[in-house]
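Reviewing the structure listed below.
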Amino acid sequence: MEKIKMINPIVEMDGDEMTRILWKMIKDELLIPFVDLNTEYYDLGLEKRDETGDQITKDAAEAVKRLGVGVKCATITPNAARVEEYNLKEMWKSPNGTIRAILDGTVFRAPIIVKGIEPYVKSWKKPITIARHAYGDVYKASEMKIPGPGKCEIVYTDAQGRESRELIHEFDGPGIVQGMHNLNRSIESFAHCCFKYALDTKQDLWFASKDTISKKYDHTFKDILQEIYDNEYREQFEDAGITYFYTLIDDAVARVVKSEGGYIWACKNYDGDVMSDMVATAFGSLAMMTSVLVSPDGCYEYEAAHGTVQRHYYNHLKGEKTSTNSVATIFAWSGALRKRGEMDGNSELMKFADILEKATIDTIESGTMTKDLALITSMKNPVIAGSEEFIKAIRVNIEKALS
């Protein structure tokens, strides 16, 4: 068959360790045989980031802003051990964090539903999408250990040098203190991303925080989202037949557990970090979780929601057989190809993205899967496939669909 043409390129960001191995397998077996793949390539492997002083990560993010769509492999965020292992110049920041900051984006994560991988929460029938605000809070906090008795204050000095003070605590002994911040413009971007994504996917949108306790910090989130919704999106939501509402985070947790799913749950940064892992695990596996970063001006960057699978990589280097789940990485590619096709009016590319996802799910539902899924499936006698065997089994299903 003739390969499917791509009108415009997508930004391709390669990564590290076992996911880098899978990345090449996916391209060789599932993409290049069927699509005339058109990408602008950036190697975000740790060695290249170190070599370029992390400039390549910034260049990749700017390319996503320019081209509108990107797809990213999992990457290492180095700790002290990695600095030593890779002989790095410094402990580079998370590439995901750098890209989020440049795109001013919001991360949307949703589970991939497959028969035979049953959610631990029995009421869940549809995916729950977690929208995580990706700026500030504890991730940009300043911290201090308090050695003994004394007074701790928040001090703000304006452009004219005038000070405002707020007492945190009068310490009568040792303790700890932490100062968090956020920006109105970042919260506004978060709001627009959430409302647009809800309209794009035709899903209800929830937002939850703890404004009853945090009457200024969390209440500002609540107020900004409500104001933007009322002024810009209420009518569009009503026309689409979807709803937006605010509730307290503890109430949201109770509602989520009792629900059947099928909505977007918008969270502040830390809440989204925790809840996305909770939702992923409750639906079965982090390796069965899609992740897309959406900017307020409509750029999309797709990735897997998991790490680089370090242990499997070391086994692979020793020549041992691995059975690494590639589903989330495959769905990162399918999401990027579908969005590229949607932006370019390329129905053939959009159709192929659908075929790729269905072939992947059909492979698992037919009983062929990686070891991590075989351990939790309700199917009897699943066939455990190696990393490459699983991808090749998907290729067979793609070929059947296309023929």
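Partner Glu12 forms a salt bridge (charged side-chain N to carboxylate O under 4.0 Å, His left out) with one of Lys72, Lys24, Lys27 and no other, that one being Lys27. With respect to Leu373, the side chain to side chain contact (heavy atoms under 4.5 Å, CB included) criterion is satisfied by exactly one of Ile384, Thr368, Asn325: Asn325.
Cation-pi contact between Arg100 and Tyr139: absent, since separation from the ring centre below 6.0 Å together with deviation from the ring axis within 45° is not met.
Residue pairs satisfying the ring pair (Phe, Tyr, Trp, His ring centres under 6.0 Å) criterion with at least one member in residues 268-294, sequence neighbours excluded, are listed as follows: Trp124-Phe283.
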Worked check of side-chain hydrogen bond (donor to acceptor under 3.5 Å, both in side chains) between Asn182 and Tyr135: CA-CA 7 Å; Asn182 226 292; Tyr135 178 82; over 6 Å; no
Between Ser189 and Asp104, does the side-chain hydrogen bond (donor to acceptor under 3.5 Å, both in side chains) criterion hold? Intermediate values first, please. CA-CA 7 Å; Ser189 293; Asp104 193 20; 2.5 Å; yes
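Using bins of under 30°, 30° to 60° and over 60° for the plane-to-plane angle, the ring pair Tyr246/Phe207 lands in the tilted bin. Using bins of under 30°, 30° to 60° and over 60° for the plane-to-plane angle, the ring pair Phe237/Phe195 lands in the perpendicular bin. Ring geometry, Tyr313 versus His316: the interplanar angle falls under 30°, so the pair is classed parallel (tilted spans 30 to 60°).
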Extract all donor-acceptor atom pairs below 3.5 Å that involve side chains of residues 286-295 and protein atoms in other chains or at least two apart in sequence.
| unit_1 | atom_1 | unit_2 | atom_2 | d |
| --- | --- | --- | --- | --- |
| Thr290 | OG1 | Ala110 | O | 3.0 |
| Ser291 | OG | Arg109 | NE | 3.2 |
| Ser295 | OG | Asp297 | OD1 | 2.4 |
| Ser295 | OG | Gly298 | N | 3.4 |
| Ser295 | OG | Cys299 | N | 2.9 |

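In the displayed structure, Glu227 atom CD is contacted under 6.0 Å by at most 12 heavy atoms of other residues, nucleotides or ligands.
Ser94 and Asn96 are not linked by any side-chain donor-acceptor pair at a separation below 3.5 angstrom, with hydrogens and angles left out of the test. Counting only N and O atoms by type, the side chains of Asn397 and Thr363 include a donor and acceptor under 3.5 Å apart. Judged purely by distance below 3.5 Å, without hydrogens or angles, the side chains of Gln226 and Asp230 pair a donor atom with an acceptor atom.
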